[in-house]
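For reference, the structure discussed in these notes is given below.
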Amino acid sequence: MNTTVQNDAMNIKKLIREAEAVSDEVMVACARLKQAMISARQNPDIGVDVGQKALMRLTQAEQQALSMSTSLLRVHAEMSKIAR
């Protein structure tokens, strides 16, 4: 493998790992946000229906983040095949 190809491969490997890490951070941030939203509405002065739409939208965002994570894993797998 020549130097340019090897450098490209190493850069792609690094960037895929960075993208996967950011994806994981998004999922953790969404989970923390959901926890805070649910805790806030447990206040007896707040109706249980308050924020329901926001929670539903957040859940949708979490599903999209998981889908992105899955797609990144597929990219990783495809790039691993090329590296061989």
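Values below: all heavy atoms of this structure, side chains included; hydrogens, waters and symmetry mates excluded.
Proximity of a side-chain donor or acceptor of Thr70 to a complementary backbone N or O of Leu66 within less than 3.5 Å is detected. Side chain of Ser69 to main chain of Ala65: no donor-acceptor pair is present (N/O by atom type, distance under 3.5 Å, no hydrogens or angles). No donor-acceptor pair under 3.5 Å is formed between the side chain of Ser23 and the backbone N or O of Ala19.
To the nearest 0.5 Å, atoms OG (Ser80) and NE2 (His76) are separated by 4.0 Å. Between atom SG of residue Cys30 and atom CD of residue Gln60 there is a gap of 11.5 Å, rounded to the nearest 0.5 Å. To the nearest 0.5 angstrom, Asp8 atom CG is 11.5 Å from Met10 atom CE. In this structure, CD in Glu62 is found 4.5 Å from CG in Leu58, a value given to the nearest 0.5 Å. The line from CG of Asn7 to CD1 of Ile12 is 11.0 Å long, rounded to the nearest 0.5 Å. Considering NZ of Lys34 and OG1 of Thr59, their distance stands at 3.0 Å, rounded to 0.5 Å.
With a 4.5 Å cut-off on side-chain heavy atoms, Gln52 and Arg41 count as touching. The shortest side-chain heavy-atom distance between Ile16 and Val75 falls under the 4.5 Å cut-off.
Linking ILVMFWY side-chain heavy atoms closer than 4.5 Å, directly or via other members, places Ile82 and Val5 in two distinct hydrophobic clusters. Put simply, Leu55 and Val48 are part of two different groups of oily side chains (I, L, V, M, F, W, Y) that touch within less than 4.5 Å, one to the next. Criterion: ILVMFWY side-chain heavy atoms under 4.5 Å apart, direct or through other members. Under it, Val50 and Met37 are not part of a common hydrophobic cluster. Side-chain heavy atoms closer than 4.5 Å link hydrophobic residues (I, L, V, M, F, W, Y) into clusters, and following such links, even through other members, never connects Leu33 to Val26.
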**Step-by-step salt bridge (Lys or Arg N to Asp or Glu O under 4.0 Å) determination, Glu20 to Arg17** = CA-CA 5 Å; Glu20 289 170 340; Arg17 287 183 177 166; 5.9 Å; no

**Request:** Kindly indicate, with the supporting measurements, whether the criterion salt bridge (Lys or Arg N to Asp or Glu O under 4.0 Å) is fulfilled by Glu18 and Lys14.
**Result:** CA-CA 6 Å; Glu18 285 179 15; Lys14 176 183 159 274; 3.0 Å; yes

